[in-house]
Amino acid sequence: MDTAEQERTAGARDEEIRLDTLGSSTLTIEPVPADTPVIITIDGPAGTGKSTVARMLASRLGLDFLDTGAMYRAATAIVIDHGLRGDLEAGVYGRILEKVIDADLHFDWQADPPAILAWLKPLNERIRQRDVTGLVSKLSTIGTLRKHMVQKQRIIGHQHPRLVTEGRDQGSVAFPDAEVKFYLDAEPRVRAHRRALQLGESGVVVDEQTMLGEILERDRIDSTRSDGPLVCPADAIVIDTSDLTIEEVVEAMAVHAEQRVGWSSRDDS
Ligand code: DC
């Protein structure tokens with residue numbers, strides 16, 4: 001283990017959330033006041049419940065919600081639907097970048113959750129389909145594309161300075177100065193089970209063992225790429241969600257965010 005990695009691990013342990021301390025909390029967590037800018041980043045692997053808790057946390061605290069995975073998924077759908085899959089597989093990225101830039105990916109912030117648009121049209125469920133999920137990690141290794149996405153995310157951060165943003169590199173690359181950073185993790189088996197359930201709800205039946213294999217492969221690609229790999233930022237608060245409900249995770253995050261930023265009135269009675 002190198003020094004930076006040790007630092008990450010040590011930092012993570014210091015900050016690991018102890019839920020037993022939350023029950024006795026006397027804090028009343030109010031939404032963040034409208035004049036208080038705060039960026040909260042949530043990173044972690046697939047199946048940790050990141051998107052759901054990010055969305056709920058944003059709603060709980062009155063902040064906007066950015067799903068950066070949707071941006072990479074949208075780019076992948078564009079690649080497949082415009083016949084550029086061969087380029088991606090061959091490692092030829094020029095036309096891919098051109099096409100994605102041309103699509104002018106952005107969000108409709110009136111929708112809840114914000115809907116991603118390409119060429120001004122919502123992509124809707126296309127970005128969640130299995131061919132997209134199967135290829136998105138590969139596309140996410142393209143350094144030039146990541147630079148483009150991070151630039152867009154920072155612009156969004158300027159336009160929406162009260163934001164919960166989730167992905168793989170939000171605390172480490174996109175918003176290194178974020179006020180609050182979280183890193184969510186869970187045991188791979190739990191993550192595979194959750195993903196299988198999620199797909200089952202949308203009518204797609206998948207075997208959990210197959211799901212586990214796919215999740216581990218996606219983790220491997222996401223954490224070993226050279227640009228913006230999945231890492232736990234040294235100053236992130238780590239939460240293992242394996243044995244927690246979504247509500248417990250959101251509550252823990254709200255309490256910790258308030259403790260970091262301190263916007264609520266205290267009720268110590
Ligand atoms: O969170 P998700 O499953 O929707 O993400 C889809 C893929 O996008 C994931 O395999 C990695 C990639 N991704 C990324 O590389 N960087 C981000 N900030 C967000 C997602």
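Atoms within a ligand are numbered from 1 in the order they appear, just like the ligands themselves. The first residue in the sequence is number 1, and the count goes up from there. Predicted model, so just to flag it, every value in this text is computed and none were measured.
Under a 4.0 Å N-O distance rule, the pair D131/R85 does not qualify as a salt bridge.
The hydrophobic cluster containing M211, built from Ile/Leu/Val/Met/Phe/Trp/Tyr side-chain heavy atoms closer than 4.5 Å, also comprises L199, V204, V206.
For an aromatic pair to be called close, the ring centres must be under 6.0 Å apart, and H106 with W119 fails this.
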### Query
Can you list the steps and then say if R260 with D235 is a salt bridge (charged side-chain N to carboxylate O under 4.0 Å, His left out)?
CA-CA 12 Å; R260 281 272 164 108; D235 49 350; over 6 Å; no

### Query
Run the salt bridge (charged side-chain N to carboxylate O under 4.0 Å, His left out) check on D43 and R168 step by step: do they pass?
CA-CA 5 Å; D43 293 301; R168 304 293 189 286; over 6 Å; no

Measure from every N or O atom of ligand 1 to the protein's N or O atoms and keep only the pairs below 3.5 Å, writing each with atom names and distance to 0.1 Å.
unit_1, atom_1, unit_2, atom_2, d
ligand 1, 1 (O), R168, NH1, 3.0
ligand 1, 3 (O), R73, NH2, 3.1
ligand 1, 3 (O), R218, NH1, 3.3
ligand 1, 4 (O), R73, NE, 2.8
ligand 1, 10 (O), S137, OG, 3.1
ligand 1, 10 (O), R218, NH1, 2.8
ligand 1, 10 (O), D222, OD2, 3.2
ligand 1, 15 (O), R146, NH1, 2.8
ligand 1, 15 (O), R146, NH2, 3.4
ligand 1, 15 (O), R225, NH1, 3.0
ligand 1, 15 (O), R225, NH2, 3.0
ligand 1, 16 (N), R146, NH2, 3.1
ligand 1, 18 (N), T68, OG1, 3.0
ligand 1, 18 (N), R168, N, 3.2
ligand 1, 18 (N), D169, OD1, 2.8

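Contact annotation: the side chain of W263 approaches that of I29 to within less than 4.5 Å [non-hydrogen atoms, C-beta and beyond].
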